Amino acid sequence: MKVIDHIKKANGTLISFEVLPPLKGKGIEALYKHLDPLMEYKPSFINVTYHRSEHVFKKRADGSFEKVIVRKRPGTESICAAIMNKYNVDTVPHLICGGFSVNETEDALINLRYLGIDNVLVLRGDAAKNETAFEPEPDGHRYASDMIKQVVDLNAGIYLEDDLKGTQKTEFCIGVAGYPEKHFEAPNMATDLNYLKAKVDGGADYIITQMFFDNAKYYSFVKSCREIGIEVPIIPGLKPVYSKKQLTVLPKTFHIDLPTDFSNEILKCKTDLEVEKVGEEWLLHQSKDLKKNGVPVLHYYTLGRPMMVANVVNQL
Ligand SMILES: Cc1cc2nc3c(=O)[nH]c(=O)nc-3n(C[C@H](O)[C@H](O)[C@H](O)COP(=O)(O)OP(=O)(O)OC[C@H]3O[C@@H](n4cnc5c(N)ncnc54)[C@H](O)[C@@H]3O)c2cc1C
């Protein structure tokens with residue numbers, strides 16, 4: 001079922017989770033172990049992230065270096081199918097522009113269609129680790145909005161080869177990313193919001209936000225979106241904090257702030273176990289407030305800490 005239909009049918013706030021494919025070489029069992037305790041809370045859908053290939057330099061025996069391409073977490077589409085099959089839950093694969101030609105994107109969408117997956121989160125992706133700025137493939141999409149057009153075309157039965165006859169229409173429900181604290185490359189919030197509106201006007205059915213730790217930022221973002229005519233559901237993305245290290249890693253990686261009250265509490269902790277407690281309380285406080293304010297879905301980035309998320313959801 002489509003994410004948008006889950007939201008339309010719901011009587012209250014829904015729950016959803018986001019997971020990463022396993023590291024290459026690891027089995028899928030660890031992922032099931034991660035998801036098992038969460039399934040009790042009946043998520044409406046589960047997102048699976050996409051991880052592009054990276055260039056790395058490997059040292060040869062003679063001391064010289066060799067440039068090789070590695071993909072640390074392959075398998076997004078098949079992980080989605082496996083989760084759907086095991087838990088009978090809808091899945092949302094993330095699909096990125098980076099590293100994909102338009103033909104490869106079409107093939108990926110066709111695969112998803114065959115697997116019975118009718119949701120996709122359309123993203124641009126970040127710059128590859130060896131690039132200073134995002135560069136699309138020569139025949140790939142530059143922005144998420146470009147890929148949205150391709151998905152919308154497929155939903156109308158329009159494939160890249162325009163001489164195909166009697167084509168089947170896909171039925172993808174399209175999600176996109178939104179940034180309550182602005183996308184880091186956007187010159188200002190107004191510009192970023194206008195591009196977000198272009199994604200929605202282009203066919204996105206809903207928005208999932210980047211993580212935030214201050215609900216006021218989410219409310220202000222939703223208000224600004226509504227003011228410029230973005231009417232689709234805006235799903236808050238929430239992440240548990242469990243280590244002091246995250247105080248610097250999260251802002252650096254995701255270009256977000258942690259509120260002073262929260263960071264002060266974390267700084268007082270003597271162990272990461274204490275940080276977990278503070279992080280769990282904060283996540284619970286955020287979740288309860290968002291639920292009280294009628295958000296459509298609470299979307300949890302469960303990454304590495306399923307029990308923290310399970311404890312929070314259990315108390316809602
Ligand atoms: C919920 C969520 C899930 C994510 N999952 C993944 C994942 O699985 N894998 C992964 O690699 N990354 C993921 N990301 C990260 C995401 O790929 C990056 O944040 C990326 O830098 C931007 O992606 P986007 O889809 O928001 O890009 P876009 O919407 O294309 O925007 C990128 C930048 O360009 C600007 N812009 C947009 N359209 C135009 C235009 N037409 N002309 C000029 N400027 C424009 C925007 O303002 C923004 O600054 C996720 C992010 C979120 C919030």
Side-chain angles (χ1 to χ4, degrees), residues 3 16-21 45-54 71-77 79-80 91-100 105 108 112 119-129 131-137 140-151 174-213 217-218 221 224-225 228 230 232-239 250-256 295-303:
V3 167
S16 62
F17 300 126
E18 184 164 313
V19 296
L20 277 65
F45 53 92
I46 293 176
N47 283 47
V48 182
T49 54
Y50 192 92
H51 301 260
R52 68 181 293 179
S53 314
E54 293 166 27
R71 190 143 169 241
K72 285 187 185 155
R73 294 180 185 273
T76 300
E77 298 96 323
I79 295 283
C80 281
T91 50
V92 183
H94 293 190
L95 211 53
I96 62 171
C97 304
F100 276 82
T105 301
L112 294 177
N119 292 292
V120 64
L121 190 74
V122 172
L123 300 149
R124 186 198 69 180
D126 282 323
K129 293 235 161 75
E131 291 171 352
T132 48
F134 177 83
E135 268 307 319
E137 292 301 297
H141 296 303
R142 180 168 285 279
Y143 295 109
S145 49
D146 302 326
M147 201 204 296
I148 292 170
K149 181 171 180 333
Q150 185 174 13
V151 182
I174 303 170
V176 290
Y179 302 84
E181 297 177 58
K182 187 179 87 62
H183 184 261
F184 70 103
E185 292 168 24
N188 52 59
M189 194 63 167
T191 309
D192 203 25
L193 285 173
N194 282 333
Y195 287 129
L196 179 59
K197 184 164 188 309
K199 293 197 278 190
V200 174
D201 291 347
D205 295 293
Y206 66 95
I207 296 163
I208 301 192
T209 75
Q210 181 59 279
M211 68 187 72
F212 57 88
F213 296 95
K217 291 193 172 159
Y218 167 82
F221 174 70
S224 304
C225 286
I228 61 163
I230 297 176
V232 297
I234 302 177
I235 300 174
L238 298 163
K239 182 174 167 68
L250 294 177
K252 182 167 179 267
T253 313
F254 299 104
H255 311 278
I256 47 106
V295 298
V297 185
L298 291 166
H299 181 75
Y300 293 96
Y301 301 113
T302 65
L303 322 169

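It should be emphasised that the depicted structure is a prediction, and the values quoted were computed from it without experimental measurement. Only this structure's heavy atoms are used, side chains among them; waters, hydrogens and symmetry mates stay out. In this chain, residues are counted from 1 in sequence order. Atoms within each ligand, like the ligands themselves, are counted from 1 in listed order.
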Which ligand 1 atoms does [X] reach within 4.0 Å, using its non-hydrogen atoms?
X: A177; answer: 26 (O), 52 (C), 53 (C)
X: T49; answer: 8 (O)
X: Y301; answer: 1 (C)

Would you check the N or O atoms of [X], main chain and side chain alike, for any that come under 3.5 Å of an N or O of ligand 1?
X: G178; result: no
X: Y50; result: yes
X: G125; result: yes
X: R142; result: no

Which option, R73, R124, E18, owns the non-hydrogen atom nearest atom 25 (O) of ligand 1?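 Closest candidate by heavy-atom distance is R124.
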Which option out of F184, Y179, F254 puts a heavy atom nearest to atom 26 (O) of ligand 1? Y179
With sequence neighbours left out, the residues meeting side-chain contact (heavy atoms from CB on, under 4.5 Å) with T302 are F17, V19, H34, L38, Y300, V309
Is there a heavy atom of K199 sitting under 4.0 angstrom from any atom of ligand 1?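 So K199 counts as touching ligand 1.
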Looking just at side-chain N and O atoms, do T49 and H94 make a donor-acceptor pair shorter than 3.5 Å?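 Absent: no donor and acceptor within the cut-off.
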Any donor-acceptor pair under 3.5 Å linking the side-chain atoms of E181 with those of H255?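 Checked: H255/E181 side chains show no N/O donor-acceptor pair below 3.5 Å.
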Carboxylate-amine/guanidinium proximity below 4.0 Å for D201 and K197: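 Yes.
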Looking only at heavy atoms, is any part of Y195 under 4.0 Å from ligand 1, and if so is it the side chain, the backbone, or both, or is it neither? side chain
Counting only non-hydrogen atoms of the protein, does one fall under 4.0 Å from atom 31 (O) of ligand 1? no
Applying side chain to side chain donor-acceptor pair (under 3.5 Å), which residue pairs with at least one partner in residues 184-194 are found, sequence neighbours left out?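 The answer is R124-E185, N188-T191.
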Please work out whether the ring planes of Y195 and Y143 are parallel, tilted or perpendicular, with thresholds of 30° and 60°.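 Ring orientation of Y195 relative to Y143: parallel.
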